[in-house]
Amino acid sequence: MTIQQGTLYGVGVGPGDPELVTVKAARLITAAPVIAYHAARHGRSHARRIAEPYLRPGQIEEPLIYPVTTETTDHPGGYQGAIDEFYTHAAARLAAHLDAGRDVVLLAEGDPLFYSSYMHLHKRLAHRYRTHIVPGVTSLAGATAALAQPLVERDEVLTVLPGTLPRDELARRLADTDAAAILKLGRTFPTVAAAITDSGRDALYVAHATTPHQHTAHVNDVDPASVPYFAIAIVPGTTAATQPHSTNTTTRENAGEIGGESVGEVVVVGTGPAGRDWLTPQAAAALADVDDLIGYGPYLDRVPPNPRQTRHPSDNRVEADRAAHALDLAA
């Protein structure tokens, strides 16, 4: 009897908050017989921590432990040789499950195809097995949400840069773009901060976006020794950055009373690319809880009708009118 091969799922689990895992990702994580994830030598995995609420007893876990992260190695091929060997062995471990007919969910922080470790295994396995990618909320989206700061508007150009680039190259690219996000900070932060100064730009900083340890600041106010790898520098576009940065944004937890008067609130919800499967639990809960839905007509059509709610569809390119209407209703 021929055993049908399993399917490899590259599942994005978002930037840190378990509620920012999509409905589809949560369903696949719960159903999968095998859950794989990358981890450092200490054994802790950020991706597994995010996915933990959706795990169930009896699943096979495959922790893929990096042989080296930032430290040196005595591998004859150096750092790259050690990492290449690690991914070859990791691919063989997952292939054994797939050949036995077991589906494998490989967790990826953020999105599987955006600066993710998942990609190295995808390159080694996707041509041999059925592969399905489940997009996730990126660290970039998590960081801009934490800042409550628009990033790009209309024709502004966004450039995503790794902090590992040389200082002069970073400065050149920052000077040539409207808006930028600089990832992979940690030890690169002093170089990144210097490049931002060289370019004449202004930048904001977010560490551990969407987690209980989230921290936001101006780049100039950050102690380089405190910067983790999971931090990002944001340079908003001139048109988009109409609001001064503030870490005192009104949240759902403290909204409800201003100046002694009871008021409503405005909740801004991203509905994902298509349908309920691409909502996060946080977004689904917000949509179910509100009294009024305001938005571009075709986007509102994606939200299931609720007779308790009033819908206010409008045309494209009337964003300011929609925002004013939302604020009026909340007041």
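Along the sequence shown, residues are numbered consecutively beginning with 1.
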- Item | Check: R317 and R154 side chains under 4.5 Å, non-hydrogen atoms | yes
- Sequence neighbours excluded, the answer for side-chain hydrogen bond (donor to acceptor under 3.5 Å, both in side chains) partners of R201 is none
- Message: According to side-chain hydrogen bond (donor to acceptor under 3.5 Å, both in side chains), who are the partners of D168, at least two apart in sequence or on a separate chain?
- Response: none
- Is any side-chain heavy atom of D103 less than 4.5 Å from a side-chain heavy atom of L98? no
- Query: Between the side chains of S139 and Y115, is a donor N or O closer than 3.5 angstrom to an acceptor N or O?
  - Reply: no
- Excluding sequence neighbours, so at least two apart, what forms side-chain hydrogen bond (donor to acceptor under 3.5 Å, both in side chains) with T211? none
- Please determine, by modelled atom types, if D292 and H325 share a side-chain donor-acceptor pair under 3.5 angstrom. no
- Taking only residues two or more places apart in sequence or in another chain, which ones pass side chain to side chain contact (heavy atoms under 4.5 Å, CB included) with H89? E85
- Message: Strictly by salt bridge (charged side-chain N to carboxylate O under 4.0 Å, His left out), give each pair with a member in residues 304-316 just once, sequence neighbours left out.
- Response: D291-R308
What pairs of donor and acceptor atoms, side-chain ones from residues 222-236 against any protein atom, are under 3.5 angstrom apart with sequence neighbours left out?
unit_1 : atom_1 : unit_2 : atom_2 : d
D223   : OD1    : A225   : N      : 3.1
S226   : OG     : D223   : O      : 2.7

- Query: Who are the ring-ring contact (aromatic ring centres under 6.0 Å, His included) partners of Y37, not counting sequence neighbours?
  - Reply: none
- Less than 4.5 Å apart, any side-chain heavy atom of E319 and any of E153? no
- Can you name the side-chain hydrogen bond (donor to acceptor under 3.5 Å, both in side chains) partners of S314, sequence neighbours left out? R322
- Side-chain touch L106/L121, heavy atoms, less than 4.5 angstrom: yes
In residues 171-179, what donor-acceptor pairs under 3.5 Å come from side-chain atoms, sequence neighbours left out?
unit_1 : atom_1 : unit_2 : atom_2 : d
R172   : NE     : E169   : OE1    : 3.4
R172   : NH2    : E169   : OE2    : 2.9
R173   : NE     : E169   : OE2    : 2.8
R173   : NH2    : E169   : OE2    : 3.2
T177   : OG1    : V157   : O      : 3.2
T177   : OG1    : T159   : OG1    : 2.7
T177   : OG1    : A179   : O      : 3.3
D178   : OD2    : V157   : N      : 2.8

- Query: If we only count heavy atoms from C-beta on, is the P112 to V11 side-chain gap below 4.5 Å?
  - Reply: no
- Task: May I ask you to list the residues sharing a hydrophobic cluster with Y299, side-chain cutoff 4.5 Å, ordered by chain and number?
- Result: Y296
- Exactly one of L185, T144, T216 clears side-chain contact (heavy atoms from CB on, under 4.5 Å) with V206, and that residue is T216
- Qualifying salt bridge (charged side-chain N to carboxylate O under 4.0 Å, His left out) pairs, either residue in residues 11-33, two or more places apart: R27-D277
- Between R49 and L107, is any pair of side-chain heavy atoms under 4.5 Å apart? no
- Message: Would the distance check show the side chain of D111 and the main-chain N or O of G136 forming a donor-acceptor pair, the cut-off being under 3.5 Å?
- Response: yes
- salt bridge (charged side-chain N to carboxylate O under 4.0 Å, His left out) pairs, two or more places apart, involving residues 90-100: E62-R93
- Message: Using a 3.5 Å distance criterion without hydrogens, assess whether the side chain of E156 forms a donor-acceptor pair with backbone atoms of T239.
- Response: yes
